[in-house]
Number of protein chains: 2
Amino acid sequence: MRRRSRKPVTAPRKLPVQARSARLVADILEAAVRVLEREGAQRFTTIRVAETAGVSVGSLYQYFPNKQSILYRLQVEEWEQTGATIDAILGDTTQPPQQRLRTMIRAFFHSECEEAPLRNALDAATPDYHAAPESRAKRERGRHVVRRFLAAAAPRATPRQRAHGAELVFMTMTSVGKQLSERRPTKAEVNRVADAIASMLTWYLAQLGG
Amino acid sequence: MRRRSRKPVTAPRKLPVQARSARLVADILEAAVRVLEREGAQRFTTIRVAETAGVSVGSLYQYFPNKQSILYRLQVEEWEQTGATIDAILGDTTQPPQQRLRTMIRAFFHSECEEAPLRNALDAATPDYHAAPESRAKRERGRHVVRRFLAAAAPRATPRQRAHGAELVFMTMTSVGKQLSERRPTKAEVNRVADAIASMLTWYLAQLGG
DNA sequence: CTAGGATACGAATAATTATTCGCGTTTGGT
DNA sequence: ACCAAACGCGAATAATTATTCGTATCCTAG
């Protein structure tokens with residue numbers, strides 16, 4: 001299956017310099033998404049990705065040191081995108097905090113549900129991604145954004161309380177969003193659950209010192 | 001890797017009739033748990049399980065039709081145990097509903113965290129377990145228990161509201177519990193999160209018609 | 001005590017997979 | 001037009017794995 005390799009899985013073997021290789025890398029990443037969505041984590045193989053992309057395995061391995069690196073790259077891109085969305089909504093100071101929280105959770109849940117097959121397969125294919133420093137850094141940044149939001153949402157809380165509150169908001173949001181996405185819910189269901197979660201968290205933050 | 005087989009993965013190939021084979025089956029299940037805990041889902045192989053159990057692969061395949069059936073059996077046993085605990089706590093009418101909810105969530109979270117390596121590996125090793133009818137039945141029973149509890153916790157809510165409430169309680173509890181367990185938290189952290197979640201859910205149920 | 005079913009064994013089988021490597025092709029600068 | 005580097009290829013390699021099956025051993029009923 002796998003040869004032993006302790007090299008960092010994220011370091012590319014070679015960087016694309018000509019236009020054709022840049023397109024090749026893009027094609028591979030796009031194909032990887034399609035393979036994950038259509039075949040699932042179990043059937044995510046380098047040969048299948050290469051075939052789907054219309055290139056050969058050898059070409060794939062010229063720009064990705066191993067299979068994991070493709071998956072890691074997709075994970076990073078996923079989180080960067082949703083992270084930016086969260087950041088934008090929570091930082092929109094033209095809205096009152098509770099409105100921001102509700103809007104953000106709705107957006108997050110819908111995003112999770114729309115890309116459910118991809119995200120679930122991606123999570124299943126990268127069982128140790130959470131331990132990776134990249135993942136920890138991304139989530140730390142997410143928690144930081146939420147913590148800054150809490151300065152507005154719970155101004156009278158102590159820093160310690162705010163840290164706990166941010167952790168709770170972040171954890172509840174991400175975990176419920178993930179589980180909800182596994183059920184393939186309707187839009188109405190998503191909104192219902194999102195609003196319930198947002199209401200509970202709003203109440204919690206008010207208790208904390210809103 | 002795997003030969004095609006469309007037979008139900010849960011049907012045992014043969015039932016143990018003599019004492020030694022009954023012990024063999026027990027040894028295999030016990031070894032499977034240890035392999036999952038110590039090696040993880042990725043390294044869960046039939047040979048490793050057989051070796052750990054001190055038996056041969058051939059013997060293993062005499063009582064389990066395939067690798068999946070071992071994992072499915074462990075999943076079923078896991079959920080039966082925690083399901084019974086939830087049932088007992090929520091049904092204890094000597095306590096007020098909000099107290100029951102808090103106790104149950106604490107117990108559930110601690111149970112999840114204590115067995116985190118096993119549960120996480122088990123989930124990773126059975127990516128399609130949630131689609132299996134056995135799993136759906138177990139969770140349906142769990143939701144039913146929560147729904148019955150809501151009759152006491154939110155007596156003035158409509159049946160529809162109670163159904164939604166039960167879904168929310170169940171989903172929040174299981175998803176947050178799972179995510180929490182992945183962080184290897186201290187007991188104090190577990191209690192803090194459990195109490196926060198319990199408080200939020202209690203407030204939500206009160207809004208619903210407590 | 002003994003035969004026949006139950007049990008246990010583990011090397012062999014067959015399939016799958018990640019990754020490599022040598023060779024032919026294309027590209028872009030001069 | 002030419003050449004060196006970049007690129008692309010895919011059969012070959014090596015490792016791993018689930019599962020089978022022929023054979024040897026054990027247990028128990030009669």
Side-chain angles (χ1 to χ4, degrees), chain A residues 1-28 31-32 35-36 39-72 125-128, chain B residues 1-28 31-32 35-36 39-72 125-128:
Chain A
M1 299 297 234
R2 176 177 305 153
R3 315 219 171 156
R4 68 217 121 79
S5 84
R6 286 286 159 262
K7 297 292 176 59
V9 290
T10 52
R13 167 152 314 181
K14 185 195 289 188
L15 288 176
V17 318
Q18 298 181 356
R20 53 177 169 160
S21 54
R23 161 161 250 136
L24 184 142
V25 168
D27 286 349
I28 287 171
V35 169
L36 275 176
E39 310 265 3
Q42 195 68 30
R43 304 180 69 80
F44 182 87
T45 69
T46 51
I47 290 179
R48 229 181 294 265
V49 170
E51 267 176 6
T52 305
V55 302
S56 88
V57 239
S59 304
L60 186 155
Y61 274 93
Q62 230 155 13
Y63 304 99
F64 295 93
N66 48 48
K67 189 175 79 160
Q68 286 275 10
S69 64
I70 308 173
L71 296 161
Y72 270 45
T126 53
D128 50 350
Chain B
M1 296 297 232
R2 176 178 305 152
R3 315 225 171 152
R4 69 221 122 77
S5 84
R6 286 284 160 264
K7 297 293 177 60
V9 291
T10 52
R13 168 150 315 184
K14 185 194 290 189
L15 289 175
V17 318
Q18 296 181 359
R20 54 177 169 157
S21 54
R23 161 160 250 136
L24 184 143
V25 168
D27 286 349
I28 286 172
V35 169
L36 275 176
E39 310 265 3
Q42 195 68 29
R43 303 180 69 80
F44 182 86
T45 68
T46 51
I47 291 180
R48 229 181 296 265
V49 170
E51 266 176 6
T52 305
V55 303
S56 88
V57 238
S59 303
L60 185 154
Y61 274 93
Q62 230 152 17
Y63 304 99
F64 295 93
N66 47 48
K67 189 175 80 160
Q68 286 276 7
S69 65
I70 307 172
L71 295 161
Y72 270 45
T126 54
D128 50 351

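As the structure is a prediction and not an experimental result, all values here were calculated from the model. Lettering follows sequence order; numbering is per chain, from 1. Scope of the values below: all heavy atoms of this structure, side chains included, with no hydrogens, waters or symmetry mates.
If you measure from atom CD of Glu51(B) to atom C1' of dC9(C), you get 13 Å, rounded to the nearest angstrom. In this structure, the NZ atom of Lys67(B) is 13 Å from the C1' atom of dT16(C), given to the nearest Å. Summarising the geometry, the separation between CD on Gln42(B) and P on dA18(C) is reported as 11 Å, rounded to the nearest angstrom. To the nearest angstrom, P of dG10(D) lies 14 Å from CG of Leu60(A). Straight-line distance from the CD atom of Glu39(A) to the P atom of dT16(C): 14 Å, rounded to whole Å. Atom CD1 in Ile47(A) sits about 15 Å away from atom P in dT13(D), given to the nearest Å.
Residue pairs that meet the side chain to side chain donor-acceptor pair (under 3.5 Å) test with at least one member in residues 15-26 of chain A, sequence neighbours left out, are Gln18(A)-Arg20(A). Applying the side chain to side chain donor-acceptor pair (under 3.5 Å) test to residues at least two apart or on different chains, the pairs with a partner in residues 52-61 of chain A are Ser56(A)-Ser59(A).
By the salt bridge (charged side-chain N to carboxylate O under 4.0 Å, His left out) test, Glu51(B) pairs with no residue at all, sequence neighbours left out. For Arg43(A), the salt bridge (charged side-chain N to carboxylate O under 4.0 Å, His left out) partners two or more places apart in sequence, or in a different chain, are Glu39(A). Partners of Thr46(A) by side-chain hydrogen bond (donor to acceptor under 3.5 Å, both in side chains), not counting sequence neighbours: none found.
Contact between the side-chain N/O atoms of Arg43(B) and the OP1/OP2 oxygens of dT16(D) is not found at any separation under 4.0 Å. Contact between the side-chain N/O atoms of Arg48(A) and the OP1/OP2 oxygens of dT17(C) is found at a separation under 4.0 Å. Regarding contacts with the backbone of dT19(D), a side-chain N or O of Tyr61(B) is found under 4.0 angstrom from either OP1 or OP2.
Residue contacts shown for Thr45(A) are limited to sugar-phosphate atoms, with no base heavy atom under 4.0 Å away.
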Going 5' to 3' through nucleotides 2-9 of chain D and flagging B where a protein heavy-atom sits under 4.0 Å of the base, S where only the sugar-phosphate is that close, and - otherwise, we get ----BSBB
Val49(A) and Val57(A): side-chain contact (heavy atoms from CB on, under 4.5 Å), yes or no, with the steps?
-> CA-CA 8 Å; Val49(A) 170; Val57(A) 239; over 6 Å; no
